Amino acid sequence: MPLPPDEIRRRLAYIRYLHNLGVDQARLPEPLSSASVLMLHDAAEGFLLLAAEHFDVDPPIGLEKFWRVLKPVLGTDLPVAQGMKRLNKIRNTLKHNGGHPDQPTINLVATDTTTFLEASTPLVFQLDYAAVSMADVIPQQPVRDLVRQAETASADGRQVAAMVALVEAFEALFKTPPLDNDIKPLRLGPTINNPLRDGEIARVLYPPEDDHQRRATGRHHELAKQITDATEIVMALQAATRLMLVGIDFAAARRFGLLTPDIDDYVNGRREYRAPDNYAPTPEDVAWCCQFIVTASLRLSAAEAQLRDPYQRVQTWKTIAKRPSPGAELIWSEE
C-alpha cells in the first residue's frame, strides 16, 4: 500500500534538511566544501529509497539503477539522470579513494541535486518540493508551530514577519519543558531578562535620602557601572555556553542573530522587535534561518536525551559502598 501522506511529508522534510545542509556546506572554502558531496548524495539516495518504498518496488544497489526500476511505475524517466550519475561517481571517489572535488564540481553537483529534488518531488509524490515544511522534523511543538508560521509568512512575501516568528522560535527552544524546569546543566542558572541600568543600580545603592553618604564616597556610579558590566558579561557567557553545550554552532548562531530582529522587553510586559533602518531579509535569508532552527532543535533534543537524570535525584540517598581507611578494599552494601 502507498505510504501515508503524513509519513511522506515527514521523510521529505528530513531529505530537504539534508539537502539544505549540503548546499550550505558547498559554500564553505575548500577542502571543507567536499563534505557537501556526501550530504547531497544522502539526500538524493534518501529520496530514491522513499520513492521505491512508496511504489512498493525493491530498491536496487547503485544510485543510477533507480531510474530503471522506477520507470515502469512512473511511466517516464526520473529527471537529471546524468547529474545524479555524476554525483554518485564523485561521492565514491571522495569516500573510497580520498579524491576531493574542486569547487566548480561541487557547485555543479549541488545544482544538479537541487534540480533533481525540485523536479522529481511533484512527479513522484504530487507535492511541491519548495512547500515541503522542514518544521515536520522539529520535536518541540511550540517551536514547530512558529517555524510553520515563518514559512507561511515567507511564502506570502512577508519576510519581516517570518523573521519575527523565527526569533520567537529560537527563544522558545530554551523555554520548552523539560529543559526549562528539569535539565539544570543547560540552564546555567536563571535567565536575566530585564537587567537594571547604571542609574537604577546607583539609586538602589545610595537612595536620595543618603545624600551625605553619597557625597562622601563619590564612587557609587562607578560601582553601578561595574555591576552593569559584570551582568552583561554573565548574560553573554550564559547565552554562548548554552549554545555550545548542545552543539549549536556559535558562528551560525551569530549569523542567525544578525539576520533576525532584536527583542526589547519592558517591565510592563510589552515587547518590541527592532531592526536597522535598511532591514530587508530575503526569502533565502528566511530559509537559512529555518534550517538553523531545525538543526538547533534536533541537537537540543539529542542533548536532552543524554542529560535527563535516570534516577530523578530523589531527596533521600543511600550508601552503596564505603572504604574503611585509605587504601583499604571497597565494601559494597548488600541489598
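What's counted below: heavy atoms across the whole structure, side chains too, no hydrogens, waters or symmetry copies. Keep in mind that what you see is a predicted model, and the values were worked out from it rather than measured.
- Looking only at atom types and distance, the side chain of Q149 has no donor-acceptor partner in the side chain of D145 under 3.5 Å away.
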message: Walk me through whether I263 and R274 qualify under side chain to side chain contact (heavy atoms under 4.5 Å, CB included).
response: CA-CA 6 Å; I263 296 176; R274 303 176 63 83; over 6 Å; no
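- Looking at E272 and Y266, their side chains come closer than 4.5 Å, going by heavy atoms from C-beta outward.
- In this structure the side chain of L38 reaches within 4.5 angstrom of the side chain of R91, judged on heavy atoms.
- Residue V73 comes nearest to F55 through the heavy atom pair CG2-CG, 3.7 Å, listed as atom of the first residue, atom of the second, then distance.
- Contact check for T105 versus D102: side-chain heavy atoms found under the 4.5 Å cut-off.
- Note: L298 CG to Q140 CD = 8.0 Å, rounded to the nearest 0.5 Å.
- No side-chain donor from either of D112 and T115 sits under 3.5 Å from a side-chain acceptor of the other.
- By the criterion of side-chain heavy atoms lying less than 4.5 angstrom apart, applied directly or through intervening Ile, Leu, Val, Met, Phe, Trp or Tyr residues, L127 is grouped together with L49 in one hydrophobic cluster.
- Counting heavy atoms from C-beta on, the side chains of L70 and L48 come closer than 4.5 Å.
- Using a 4.5 Å cut-off between side-chain heavy atoms of Ile, Leu, Val, Met, Phe, Trp and Tyr, with links allowed through other members, L32 and F250 fall into different hydrophobic clusters.
- Put simply, CD1 on I138 and SG on C290 are 8.0 Å apart, with the number rounded to the nearest 0.5 Å.
- Of all non-hydrogen atoms in T260 and C289, the two that sit nearest each other are CG2-SG, 4.1 Å.
- Taking both residues in full, the closest heavy atoms of M84 and A44 are given as SD-CB, 3.9 Å, listed atom of the first, atom of the second, then distance.
- A donor-acceptor pair is defined here as one N or O able to donate and one able to accept, closer than 3.5 Å; no such pair exists between the side chain of R299 and the backbone of I248.
- Atom CD of residue E53 and atom CD1 of residue I8 lie 9.5 Å apart, to the nearest 0.5 angstrom.
- Heavy atoms only, all atoms of each residue included: P139 and R144 are closest at O-NH1, 3.4 Å.
- Going from atom CG of L237 over to atom CE of M244 covers 8.0 Å, rounded to the nearest 0.5 Å.
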task: Before giving the answer on side chain to side chain contact (heavy atoms under 4.5 Å, CB included), spell out for E30 and H100 the whole-Å C-alpha distance, their side-chain angles and the decisive distance to 0.1 Å.
output: CA-CA 9 Å; E30 297 183 50; H100 288 262; over 6 Å; no
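- L3 and V69 fall within a single hydrophobic cluster, where Ile, Leu, Val, Met, Phe, Trp and Tyr are joined by side-chain heavy atoms under 4.5 Å apart, directly or via other members.
- Cluster membership for F292 and L146, using ILVMFWY side-chain heavy atoms within less than 4.5 angstrom, is not shared.
- Remark: R9 CZ is loosely packed, at most 12 non-hydrogen atoms of other residues, nucleotides or ligands lying under 6.0 Å away.
- The line from CD of E45 to CG of N88 is 8.0 Å long, rounded to the nearest 0.5 Å.
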field: Residue pair L259, M163: steps toward the side chain to side chain contact (heavy atoms under 4.5 Å, CB included) verdict
entry: CA-CA 8 Å; L259 289 173; M163 287 303 201; 4.1 Å; yes
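- In this pair, F47 and F116 present their aromatic rings perpendicular. The plane angle is above 60°, beyond the 30 to 60° band.
- Side-chain atoms of S36 and V23, non-hydrogen and from C-beta on, never get closer than 4.5 Å to each other.
- By the 4.0 Å N-to-carboxylate-O rule, D136 lies too far from R11 to be salt-bridged with it.
- Open room surrounds CG on D58; 12 or fewer heavy atoms of other groups in view lie less than 6.0 Å from it.
- A salt bridge links E7 with R10: the closest approach of a Lys/Arg side-chain nitrogen to an acidic carboxylate oxygen falls below 4.0 angstrom.
- You'll find the side chain of Y273 reaches within 4.5 Å of the side chain of V167, heavy atoms only.
- With a 4.5 Å cut-off on side-chain heavy atoms, K322 and L330 do not count as touching.
- Within the 4.5 Å cutoff, the side chain of T231 has no heavy atoms near those of the V234 side chain.
- Transitive grouping of hydrophobic side chains (ILVMFWY, heavy atoms separated by less than 4.5 Å) brings V109 and W67 into a common cluster.
- With sequence neighbours excluded, no residue forms a ring-ring contact (aromatic ring centres under 6.0 Å, His included) with H41.
- Of the possible donor and acceptor atoms, none in the side chain of S154 sits under 3.5 Å from a partner among the backbone N and O of A150.
- The neighbour count for N268 CG, taken as heavy atoms of other residues, nucleotides or ligands under 6.0 Å away, is above 12.
- Contact record, M235 with P195: SD-CG, 4.0 Å, taken as the closest heavy-atom pair.
- The minimum heavy-atom distance between S133 and R148, with the atom names listed, is OG-CG, 4.0 Å.
- Of the possible donor and acceptor atoms, one in the side chain of R16 sits under 3.5 Å from a partner among the backbone N and O of A130.
- Once rounded to the nearest 0.5 Å, the distance linking OG of S34 with CG of L94 reads 5.5 Å.
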- request: Would you check, one step at a time, whether the test side chain to side chain contact (heavy atoms under 4.5 Å, CB included) holds for Y17 with T295?
  value: CA-CA 9 Å; Y17 171 71; T295 301; 3.2 Å; yes
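- Applying the side-chain hydrogen bond (donor to acceptor under 3.5 Å, both in side chains) test between H19 and each of T113, T114, D24 identifies T114 as the sole match.
- A donor-acceptor contact shorter than 3.5 Å links the side chain of Q103 to the backbone of A26.
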